[in-house]
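Quick notes on the structure that follows.
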Amino acid sequence: MELATTAAAAVASAARPHGPFSSPPAVSVSVSWTSPSLASTSRSLSTSSSASTSRRRRRWLPVASAAVELREAAAGGGDSVRVTETPQPGSSVKFSVEVPTSIIQECYQLTLQEYAKRFKVPGFRPGKIIPENVLINYVGPQHVHDATIEAVLKHTLPQALSSVEDRALEDSVRILTQFDDMRSSFTLDDVFRYDVAVDVAPEVRWLSEDKYKNLKVVVEIDEAVHAEKAAEKELQRRHKALGLLRVVADRGLQIGDLVVLDIFAESINSDGSKGEKISSAESTGFHLDTEENNNLVPGFLGSLIGIRPGETRSFPIQFPESFEQESLRGVRAQFTVVCKELFYRELPEMDDSLAGKLLPGCNTIAEVRERILERCKEVEKTAIEQATDNAILDQLGKLVEVDVPRALFQEQGQQLYGAKLLQLQAERRLDKDQLASLSSQRSVQAYLEDEKENITRIIKQMLAVGDIFKSENLEYSTEQLIKEIENSVAEFKRYNQDYDEGNIKQQVQDVLEAAKVLEWLKENCTIEYVRR
């Protein structure tokens, strides 16, 4: 299996979150505030993690080491932070933190020492002790006040979150207490309180005792991928392309003709009166091939049989409940159709002399049929494999319950959206201005809202896949991993896209793990194929 495109790799990565496939990255003390105006304060709380570290890569040490340091200090007789832990919806945990005055005083002194090193106060040589009141007046009391709060947060967050350090999702820490509230309540002589929340790796809860064992899957195969029928249809399409259009002058429309129509539509109210115009159902100069009418509203073509050039027909039709456009499902409409032009095809006789025109390189019609059928069988095989994978994943998603955390939803949704943009860019369907517009935060957020159900479904499916990969001790070869990483890097370079090698490795691992699980399930579950 090769990762054919960058988009494919990104989609596959987005389809499988942290947790089951590999241990979730430890949470770092890089937090977000509920107020966006405090971004600068948030940045000051960051630990020394490398800026090039991938979001998906593990960062255990910053939190773990700091938490151990504080725990050791507490064990040695120092005051410790008091933490109350409360589970929250969305696989989140809230921590209510109380910081004793001893830690506050320590952070205050450290803050003053840092300011004394950074600032040159007039009248004091470097290294000379600056009186506290002089230093505070020079720096500004409010700056010292705020910096002390930040120092307290930086030093106490690791201990506060230490109970979830092995399962917290990276970049999901959120300080819930507004900074203005901290300012107003903070003093050096009293306990300091704040609330913080973090998302943790969600638990995969199987709804049945045997989990994924004895899985039964029904795979619906669309009639359009039936190789023999598809081959015959493709041969007819190629034959028709060689024909000439002749004007019909002495009869009305019949199956096999091509007709040019002006189509108008209005909704019909419940009392039978005319409603509003249905713009999405209207068209002028619409070319209709009567032999290719699968996308027409049921009853539309039948109402036009016999219509002649220049004739106008009006008839009611009700859109089916399964209609693709949701706003039109079940709607009753009055169509008015004007026949502008009517043609029939004059086709050449299909014999061996036509073989080379139907398919270059062929000498006989039999050879044309054979090669077209061969291609259609390849398409059919791929389509059935894809339909089988989708059916298995859909079934798995129904067998588990997962409380999807916000951080995981945001990350996977953004990766899916990024993959979509990469695909559009690869297909040259976006210029730079369009790409910039679609990359805006507003566009991303709109996508997340519109695709919430789909993103959640994918996360549930792939968390289930990850659980199976771990439970069944499945493996893939190092050679496969290296090959797919090289292919992915080549795709990024091909489209001049920036990439992170750690991210690419994780994405490739996701794809390979998912492929192994699907392969195992196909061998160990009951699959029934149904043509529709």
Side-chain angles (χ1 to χ4, degrees), residues 8 11-22 24 87 89-92 167 169 199-223 225 321-322 324 326 329 382-413 415-417 419-420 447-474 510-532:
V11 169
S13 172
R16 211 270 296 148
H18 297 305
F21 283 85
S22 56
S91 295
S92 180
R167 58 193 181 99
L169 296 185
D199 293 338
V200 297
E203 176 189 0
V204 178
R205 297 182 296 275
W206 293 92
L207 300 179
S208 61
E209 291 185 2
D210 56 359
K211 297 183 177 180
Y212 50 88
K213 306 290 185 179
N214 303 316
L215 185 67
K216 296 182 180 180
V217 179
V218 177
V219 183
E220 293 187 345
I221 307 299
D222 197 296
E223 190 69 19
V225 299
E321 294 294 340
S322 59
E324 182 176 1
E326 187 174 352
R329 291 174 185 171
T382 302
I384 291 176
E385 289 176 350
Q386 186 62 61
T388 303
D389 290 348
N390 291 340
I392 292 174
L393 290 173
D394 286 341
Q395 188 67 12
L396 288 179
K398 297 173 182 177
L399 295 178
V400 296
E401 284 186 351
V402 178
D403 196 6
V404 178
R406 186 187 70 167
L408 192 55
F409 175 84
Q410 290 278 342
E411 178 182 358
Q412 305 311 314
Q415 287 190 5
L416 283 169
Y417 187 67
K420 180 180 179 181
Y447 173 84
L448 295 180
E449 292 174 2
D450 292 342
E451 295 294 321
K452 181 178 180 179
E453 183 177 341
N454 184 47
I455 296 170
T456 302
R457 177 179 57 83
I458 290 174
I459 291 174
K460 287 178 61 179
Q461 291 173 355
M462 302 317 293
L463 281 170
V465 167
D467 194 53
I468 297 171
F469 185 86
K470 181 179 179 181
S471 299
E472 298 299 330
N473 298 315
L474 301 177
D510 294 343
V511 174
L512 294 176
E513 289 175 3
K516 283 294 180 182
V517 170
L518 288 170
E519 179 182 332
W520 185 90
L521 287 171
K522 289 174 185 176
E523 295 174 353
N524 292 274
C525 72
T526 302
I527 302 176
E528 179 185 357
Y529 292 95
V530 177
R531 291 275 179 184
R532 65 180 181 184

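The backbone N or O of D403 sits less than 3.5 Å from a side-chain atom of S91, completing a donor-acceptor pair.
Side chains of E203 and L463 form no contact here, defined as non-hydrogen atoms less than 4.5 Å apart. Within the 4.5 Å cutoff, the side chain of L518 has heavy atoms near those of the I392 side chain. When side chains are defined from C-beta on, P405 does not count as touching S92, because their heavy atoms never get closer than 4.5 Å. At least one side-chain heavy atom of L408 sits less than 4.5 Å from a side-chain heavy atom of L169. Using a 4.5 Å cut-off on side-chain heavy atoms (C-beta onward), E528 and T526 make no contact.
N390 meets the side-chain hydrogen bond (donor to acceptor under 3.5 Å, both in side chains) test with Q386; sequence neighbours excluded. T456 meets the side-chain hydrogen bond (donor to acceptor under 3.5 Å, both in side chains) test with no other residue; sequence neighbours excluded. Listed by chain and number, the residues in a ring pair (Phe, Tyr, Trp, His ring centres under 6.0 Å) with Y417 are Y447 (sequence neighbours excluded). The side chain to side chain contact (heavy atoms under 4.5 Å, CB included) search around E401 returns R205, L207, not counting sequence neighbours.
The stretch residues 455-464 participates, sequence neighbours left out, in these salt bridge (Lys or Arg N to Asp or Glu O under 4.0 Å) pairs: D394-R457.
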Query raised in the report: Does the side-chain contact (heavy atoms from CB on, under 4.5 Å) test come out yes or no for L396 and L521, once each step is laid out?
Result: CA-CA 10 Å; L396 288 179; L521 287 171; 3.7 Å; yes
Report task. In sequence, state the C-alpha distance, the side-chain angles, and the governing distance for I221 and I384, and then conclude on side-chain contact (heavy atoms from CB on, under 4.5 Å). Result -> CA-CA 7 Å; I221 307 299; I384 291 176; 3.9 Å; yes
Query - Derivation of the side-chain contact (heavy atoms from CB on, under 4.5 Å) call for K470 and I468 - result: CA-CA 5 Å; K470 181 179 179 181; I468 297 171; over 6 Å; no
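Considering CD1 of I458 and CD of E451, their distance stands at 8.5 Å, rounded to 0.5 Å. Here K452 contributes atom NZ and N454 contributes atom CG; the two are 13.5 Å apart, rounded to the nearest 0.5 Å. With rounding to the nearest 0.5 Å, the separation of CD in Q412 from CG in L448 is 11.0 Å.
Heavy-atom minimum distance, I455 versus G413: CD1-CA, 3.6 Å. When all heavy atoms are compared, the tightest approach of A383 to V225 is CB-CG1, 3.7 Å. Of all non-hydrogen atoms in S322 and R329, the two that sit nearest each other are C-NE, 4.4 Å.
Taking 4.0 Å as the cut-off between side-chain N and carboxylate O, D389 and K522 count as a salt-bridged pair.
For the side chain to side chain contact (heavy atoms under 4.5 Å, CB included) with V517, the qualifying choice from L393, L474, D467 is L474, the only one to do so.
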Distance-only donor-acceptor pairs under 3.5 Å for side chains of residues 210-219, two or more places apart:
| unit_1 | atom_1 | unit_2 | atom_2 | d |
| --- | --- | --- | --- | --- |
| D210 | OD1 | S208 | OG | 3.0 |
| Y212 | OH | E472 | OE2 | 2.6 |
| K213 | NZ | E472 | OE2 | 2.8 |

